[in-house]
Each structure stands twice: as C-alpha cells, then as structure tokens.
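All remarks here apply to the structure that follows.
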Amino acid sequence: MSAAAPVSSGWAIAVYCVLNLALSVALAPFFMSLIKKVKARVQRREGPGIFQSYYNLAKLFKKEVVYSSNSSFIMRIAPYVNVVCLLTAALFVPLVFVPAGFSGVGNIILFLYLLALAKFFMALAGLDAGSAFGGMGSSREMAISSIIEPVAMIVFASLAFSFHSLNLFDIFSQVAGSVPFLSRPTLLLVGISMFIVLITETARIPVDNPETHLELTMVHEAMVLEQSGRNLALMEISAAIKQLLLMALLVNVFLPIGLVVDLAALPLVAALSIFFIEMVILAVFIGFFESYCTKLRLFRLPTMFLIAYFLSFVTILLEVLV
Amino acid sequence: MYIGALVCLLCASLLPLIFSVGPLQRFARKVALALAAVGALSAILFAIRVLLYEDMLRLDLLRISSIVGLSVDIDLLAGFFVFIIGIVALPVVIYSFSYSEHFQSGMSKNLFVSLMSFFILSLVLVVSASDMFSFLFFWELMSVSSFLLVMFDYHSPKCRKAGLFYFVMTQLSTAFLLLAFLVIYSAGGSLSLAIPPSLSPWISGLVFLSLMFGFGTKAGVIPFHKWLPYAHPASPSPISALMSGVMIKVAVYGLLRFLIPFQSPSLWWGVVVLVFGTVSAWLGVIYALKEHDLKRLLAYHSIENIGIIWMGIGLFLVFSFFHLTALAYLGLAAALFHTLNHAIFKSLLFLSAGGVIQSAHTQNIEELGGLVKTMPFSAVFFLVGAVAISAIPPLNGFVSEFMLFQALFSSNQVGDPWLQVLLLVCLSFLAMTSALAAACFVKAFASVFLALPRSDEARSASEVPFPMLAGQAILALLCVVFGVFSLQLFSLVGQRFGIGFDLPDLLSLTAVMIVICFAVLLLLRFFASSRTRVGETWGCGMSRQTPKMEYTASGFSQPIVEIFSFIYRPKKVNSRSYHDSCQADFSEGEAEIHMLKFFEEYVYLPLARVIRLVSSWFYRWQNVVDIDSFVFFGFLSILALIVITGVWA
C-alpha cells in the first residue's frame, strides 16, 4: 500500500463517511427513476416523473408489513442485512472525495463479498415464504451470481494488475483528476466487462427485467415478491444503492475527473457537479442500452459473461506479456 | 499435560468396554465422555502452550530398538494440529453426551463412546509422531478405528459398502505412503519425517508424488475422493464431524510436515498441488450442488475445502520457488488458517445436520423443510456454519479465502508469464467455487429449515437436547471469533514470526455494521410505520398453499445443472403408458434424471474391470491344475524371487 501518502485527519475521514453515505442514499433512487424515464421516452411514453422513486419509497415506508405465516426470522432480518451491507459497502467506493492514505476499508474483495452477504440473505428470504416465485428467483439469482462472480473477480484483478493495488482508495487517489484510459487503452476493454457486471448485478435487460412481474423473466423481482411495506422499501433502497455504487465505480475508474483528494469547499462542489453529470450520462446510456437490447434466454447468459471474462483476461494478458 | 490428555482418552476408550454389562453401564459411559472431554481440553491447553511459548515436547512412548520405537515429538506445526484436533473434539464429545444415547442397544452405545475416544486418541498421536515408524503405526490405528466407526451401523448393506470402499481407499493411501517412506529410508538411512536433501531430483520427485497421492487419498483430493461421499452418510454424525473436520486434516499435516522443511522443491511440485487443489475445489462444489443427501452434500464440500487448502499449499511451493517469501508465507498461512476454519465450520455443520437427521429421521433434504420453527437453535447454528463455509464476511471462512485471493492477486510478482496466467485461471475458479458454495448452502439451508415441511417426519421433528446444542454453540462461537478477530490474531502471529499480513479489519467492519444497523433502526422508528400483519403467502390467487408448491432442492439447483451440463451430463429417462393405442390418453409414467458419475464410471470401474480380468485369468488357471502343481508353482515363484533378489544385490 502507498505508505508515502499523508494520512488524513479524522476530520477528513468523517467528512468522507458522511458525504458518501448521504450521497448514496440521496441520489440512488434518482438514477432508478432516471433510467425508467429514459426507457419510457424511448418508447414514446411520458413515463413516471423523475422523483417517482422517492414517492414510492415514502409511500412504502408508511405502509404496514405483511409477513407470510410460513416465514421465519430470515424474512424479518433480510431487509436489514441488505441495507446495512449496502450502506457499509457505500463506504468502500469513494464517490467524489478520496481521503488520502485512508486505506483501512476500500478493499475490493471485501467490497464484493459484502455484496455477496446481502445476496445470500436475499436469496434465503426468497425461499422463506415457500412460494414458487421466490424460490425461482433465488435459484436463478444464485446461478447467475455463481458465474458472474469469477468475471467480477477477474475484472478487479485486471484493475489490480493495471494499478498495482487491491484497494479502491489507492486506485482512485492514483487516477483522481486524470483520464486514465488515455495512457492505458486496455482499460476500455475492462470497461466493457465492468459494464456487463454492472448490468448483471443490477438485474437489468438482457439479464433480468426490472419492469415485469412475469414469471418467465423474473429474477430479482421474484425474490422480493413476498416483501412488503417498510421491508420492501429497504430492499428497494438497497438495490438502488448497489446500482449507484457500481455505476460510480465505473465512472470513477474511467473518467475520474470529478474526484478530489484535498478537502476544500469549492473543488468539492465542482467535483460533485462533474460526478453528477457523469452519472446522469451513464444512467441515460443504461436506459438506451436496455431499450435497444432484448432479454436473453437464461441459459444464453453464460456466453455473455464469457465475453466479459475474455475481455478482462485479454487486458491482463496485455499487462503481463507486453 | 500431553500425557494427561493421552491417558484420559485411553481411559475413556477402555471404561465403557470394561463396564459394558451391568448396572454401572450408563454411568461408565458418562464418566468416559467426561474423561474424553477433559482429554480434549488438556490437548487444547497443551497446544496453546506449545504455540505461545514454543514449549516443545519430545518423548518415547515405547522403545523396541535404537531405530524402531514409538515416540512423539511436538513442534509448532504438530502443536497447531493438536490444537485443531482438540478444538473439534471437545464440542463433539459434549455433543455425544446425548447423541450416544439414541442408539438402540447398550452395546452400541458403549462401543460408540469407546471407539470415538480411541479415534481421537489416535488422531492426536498421528500428528505428534516423531518418526516414520511411529507415524505409520498411529496412521493405521487411526484408519482402523475410523473404519470401525464407518461400519458402525453394519446391519445396513449401504453401510457395509461404504465401509469396504473406505477400507480399500485408506489402504491405498497407506500403500503410497509406505512407498514414499521406503524410498526415503533407503536413500537417507534415517526414519525422520523429512525428505533428505541429498536425493536426486527424479527420486525426490517420486517421493513427492507418492506422498501427494498417499495424503491426497486420505484427504479426499479428486480423483481419489470417492470414499468421502460414501463414508460420511454412513457413519454417525459426530464421527463425520471428526473425520471431515480433523482426520482429513491429518493428511494436510502429513504433506506439510514433509514439504515445509524441504529446501529445494521443483516448480512443478507446486504447480501439481495447485492444479489438483483447484480441480478438487471446483468439482467438489459442483458435485455438492446436485446432492440431496444432507451428509453427502457436506462430504462433497469437504472435498471442495480440501481443494482450497491444497491451493494454499501449492501457492506456498510456487512462491517459495521464486523466493517470494512474504507471498509464500501468505499462501501457507491461508492453507493453515483454512484448515482450522474448515475444521470448525464443517464439524459445526455435521453436528447440526446430525441433530436434524436424528429428529427428522431422514437425510434426504427433499423430505425436510420448515424445521426453523421447531428447531430454531439448530437452524441458527447451521446458518452460522453455512455463512462461514460460503466465505462470507465477517465469519472465519472469509478470512482464509481472502488470504488466498490476495496471494493469487499478487501473481504479477511471479517471473514466469505463463505461470501468472495459470494463477489467474485458478483465481477465477476459486471465485466461482465460493459463489457456487454460497448457492449450495442457500439451497441446503432453505430446503432443510425454511418454508413448509415436505414430509410427516419433518413435521414432527423437535429440537435436540441441550448437550447437542451446546456442542454446536461452541463451534458457532468459534466461527465468529476467528472471523471477527482475525486481524488481531494475525498481528499476533505476524509479530511472532516477523511477517506482516495485510488483512482487512473485520472487527471495525463489524462495529461499523452494527452502528449502521442501529442508525437504520432508529431512523425507521421515527419515519416509518411499524405495523405488521401475518398473512398467507401470495400465490396468484391460489387459496391454500401446500408444500408441493414450494421450490425443492433439485429445482433450486436445476439452472446450475443446466449451465454445467457438460459436467453433469444429465440423462433423462421416461417411461409412459397410455390408455389407448394412439398414445393420446396418458395413464401413468415415470421420469428420472441421472447424472453422470464421471470418476466412478470412467476411472474407478474400468480400473476394477482390468483387475478383475487379470484375476479371473489366474482363477481359471487355478481351477485347471490340481493341488500338487499348485504347490509346484509356489515353489517356482519363490525360487524366482530368490534368484532375482540375488542378481539385484
């Protein structure tokens, strides 16, 4: 790890934590609605408003929770496990500000496995009520996750190879304020793999369809089918935070012009606006991508993952052999 | 203290046999179990003293001549394995206080306690053996006592088959070891447990291969793994816990005992160990996914985890070859720590599974379900084990796999580019293995404990008695402690050996998670409704939900079976009958799905067929000739032997 970097004060770290948590909770639903809006516009529909996700969450928080009589404590704790995992994971990905020398958290592997913990409990909750839908969702989710996991690992391995670090803080402080793929064109290949990982992990077309409740296409939606009220809101907000974090990861690895290392008011505001614009562009792109793709058959998915795997592996080969 | 542990365990194995009949029977059993627990505890304390103060122990138990004798020599490595044995044996013994009472006859209760104590004794002795003679002697004691325990339920033909299979495989393992030991002895002239550095690369390579196959067979490395999925479902659950938690680790000990001190291993040694490890880890979990027998599923996961340990050993060898000391120690630490962790969570899982099987009377997870309501404590303990084995933070399984990932990620420091590529392939297989393990344990936990019970037995199950829960509780606690406090533990280890480990601080991670959890709860209290209601599961307007509607274990793993169908090669067999000749009106039918048992059908059976062919050839000969010529053949072969050995010398 970079021992030379000056260790930030506790103040900077506190700012970082608050900023990251607040930003991820506040912005996550926005990008959910934004993608929906883009998709609606592509289909020549008006679509829901840009703040609809916030209204939905507010409504769900006010509603009562209905538990199935078959369900157990798993159903009751899974939403909390999910939201706690994702909020903790939010501390791992610097969004606009990287406190220097603060590499206590930020380990890529730990980040991935925090997501795995959330997924584990979500899958168990899907099976808890004994409904066929939940079981189907969990089964498919675990099957997909078992083949996307090596891809994600290799993507991060190729990042680790390029930047000689396993720590997101180190990587980001290396690249902050620059355009790294100009000097490392192979990063574009990793970018494509990362995009596929993003699409898969956030359950979007062509892997899963977030819109429908049709059993043929349901994966993520089927797992949370039995959730209601407050618990459903928690599940949805965790899904939104997960999407935001993975999008931010993509944005900040490839165009980290918005990241700042030093704590000052004006650059921070500038960074925030650049980050926001970049994220909006990515969200719009995801919306278009979803609109112009068709849902793949479940058993065709490994081929797509193999493409992502291949591209990252090529990157590593280029790093290693050239 | 060490002698005390041995004496306690020996008494524990003799007591129930001495008082096997008579009124004192039950009392003697309890005393024996208490003695075994004391023995295990003193083994743990002894091991901690060895590890902390390097308080080595060397002593003769029995000396026959200056070369041959039974003696023990406990250094750090042996101390560590004594610690593992003790830490698994203690909860298992506590668990057995009530488990041993569920056998039918008094004799089998006594025999169980006695054999189990003797098995633990032999395990402790193997890892502390000082030379090859003692090692083999104790190794065979261990094999025989575990064989008797596998055959415990000898009335059932399934069990007899498992026992026979186990016996053959364990003797195969001993044969390989014997070969290695003979070569070492004839080359070096010493019985000490080390590969002499003076051997030529060919000979030391041969020794390495036979050690690796010998220990690999005992550990269950693919393709020598087939005995595990037979022996585990057949033997009583505490014994499965001991066999899977400890006995296969003794093989890891044996391999490390020879490999760590050896100065000049070739590169291919490490690569071979790494590749065998990766294949075992990956195929182990793939085979586990299709299992419906709870204990066989766990047995396949033992193969997977042994593969992970083997990967760590392989990395240790590879990095040592390139003189990357820090990384080599990281690989070795990952292997050793995973050995400890797997011992803990796998015995926990076997003990919970044993409780489930005892109260629901079935091992088939398709017939279980809904047990979380009747067996809440067992469910929580099984869940802890499941999270730990799926390498999910903050429990212990994550830490050792994390170290392995870290070592694999550092492959860019290895000089050879092709080796880097190999390490990255291993990395992706390891990632897939842990994700598949998570899928498998979602399946196992959910189909055993969640949703509605799928059979009457599962419906009438009840929670197991307190000692059985206490045994599980100890292990579950250890899973948490070794995970959450891993950084603190390894900074101690690092200070001791002067190595730095770059681990994430799971203690602060856990603290942060707890703080966030309370913050979320507090916010929800103010801003969200707290009303709850209990209703029926939504079923598209279906009025009443039945167990037939829920996802089964085979349904759950079906997408994965489909994705990996090139390995499973599922074959569907249909038989249908119709009421009419046009085959329009269906009356009844059967459909089955068979998976290919690759190693059994393509490796073991062809080998067996060849042996059978050769032996039937000899058998035909035997029938043709009479007894006199038979003696004559014997005479001829002895003569030939004498001539050959004479020429050789």
Side-chain angles (χ1 to χ4, degrees), chain A residues 1 61-70 72-74 80 83-84 87-88 91 104-105 107 109-110 113-114 116-117 120 123-124 127-132 135-136 138-140 142-143 145-147 149-150 153-154 157 160-161 166 225-226 229-230 233 298-299 302 309 313 316-317 320-321, chain B residues 370 372-373 387 390-393 398 402 405-406 409 412 417 420-421 424 427-429 431-432 434-436 438-439 442 445-446 450-452 502 504-505 508-509 512-513 516-517 520 524 527-529 531-539 545 547 549-551 555-560 562-563:
Chain A
M1 302 295 139
F61 274 122
K62 290 270 173 309
K63 290 200 154 207
E64 67 173 358
V65 183
V66 184
Y67 291 116
S68 156
S69 52
N70 304 330
S72 66
F73 73 96
I74 295 284
Y80 296 96
V83 81
V84 168
L87 285 176
T88 314
L91 295 176
V105 292
N107 192 297
I109 305 173
L110 192 53
Y113 276 85
L114 271 175
L117 171 60
F120 190 85
L124 282 183
L127 286 154
D128 195 14
S131 102
M136 184 163 54
S138 304
S139 152
R140 290 174 180 176
M142 291 320 275
S145 98
S146 62
I147 34 181
E149 191 77 26
M153 262 310 169
I154 282 292
F161 263 66
L166 261 177
L225 199 63
E226 273 301 312
R230 180 185 70 221
L298 188 65
F299 298 115
Y309 183 84
F313 211 91
I316 294 177
L317 282 186
V320 170
L321 300 175
Chain B
V372 69
K373 291 172 199 86
V387 171
S390 311
I392 286 175
F398 170 71
F402 176 88
F405 274 124
Q406 216 177 14
F409 264 103
N412 52 357
Q420 289 186 19
V421 173
L424 285 168
L427 171 77
S428 26
F429 274 103
M432 201 192 288
S434 69
L436 285 170
V442 165
F445 181 79
L450 298 183
L452 291 172
D502 183 24
D505 187 357
S508 21
L509 181 87
V512 166
M513 285 175 88
I516 290 180
C517 186
V520 168
L524 285 182
F527 296 109
S529 135
R531 282 173 298 149
T532 59
R533 183 157 61 86
V534 172
E536 192 131 329
T537 303
W538 184 73
Q545 195 198 6
M549 294 173 194
E550 54 191 57
Y551 242 54
F556 186 88
S557 49
Q558 194 269 340
I560 295 174
E562 187 78 32
I563 290 169

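Predicted model only: the values in this text are computed from it and were never measured. Residue numbers begin at 1 in each chain, while the letters A, B, ... track the order of the sequences.
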Is any side-chain heavy atom of [X] closer than 4.5 Å to a side-chain heavy atom of [Y]?
X: A:Leu166; Y: B:Phe405; answer: no
X: B:Ser529; Y: A:Phe61; answer: no
X: B:Val421; Y: A:Leu317; answer: yes

For the residue pair [X] and [Y], what are the closest heavy atoms and their distance?
X: A:Val84; Y: B:Met513; result: CG1-O, 3.5 Å
X: B:Leu450; Y: A:Ser72; result: CD2-OG, 3.5 Å
X: A:Pro302; Y: B:Ile563; result: CG-CG2, 4.0 Å
X: A:Phe120; Y: B:Ser390; result: CE1-OG, 3.7 Å
X: B:Ala431; Y: A:Pro150; result: CB-CA, 3.7 Å

- Message: At a 4.5 Å cut-off on heavy atoms, which part of A:Val83 comes close to chain B: side chain, backbone, both, or neither?
- Response: side chain

- Name the region of A:Ile316, side chain, backbone, both or neither, that has any atom closer than 4.5 Å to a heavy atom of chain B. side chain

- Begin with the C-alpha distance, continue with both residues' side-chain angles, and end with the deciding distance and a verdict on side chain to side chain contact (heavy atoms under 4.5 Å, CB included) for B:Ser434 and A:Tyr113. CA-CA 10 Å; B:Ser434 69; A:Tyr113 276 85; 2.5 Å; yes

Chain A contact via [X] - which portion, at a heavy-atom distance below 4.5 Å:
X: B:Leu436; value: both
X: B:Val520; value: side chain
X: B:Phe527; value: backbone
X: B:Leu424; value: both
X: B:Val372; value: side chain

- Message: Donor-acceptor check, side chain of A:Ser69 to backbone of B:Glu536, threshold 3.5 angstrom: yes or no?
- Response: no

- Short side-chain to backbone donor-acceptor contact, B:Arg531 and A:Lys62, under 3.5 Å: yes

In Å, rounded to the nearest 0.5 Å, how long is the span from [atom1] of [X] to [atom2] of [Y]?
X: B:Glu550; Y: A:Leu127; atom1: CD; atom2: CG; result: 9.0 Å
X: A:Tyr309; Y: B:Ser428; atom1: OH; atom2: OG; result: 2.5 Å
X: A:Ser131; Y: B:Met549; atom1: OG; atom2: CE; result: 10.5 Å

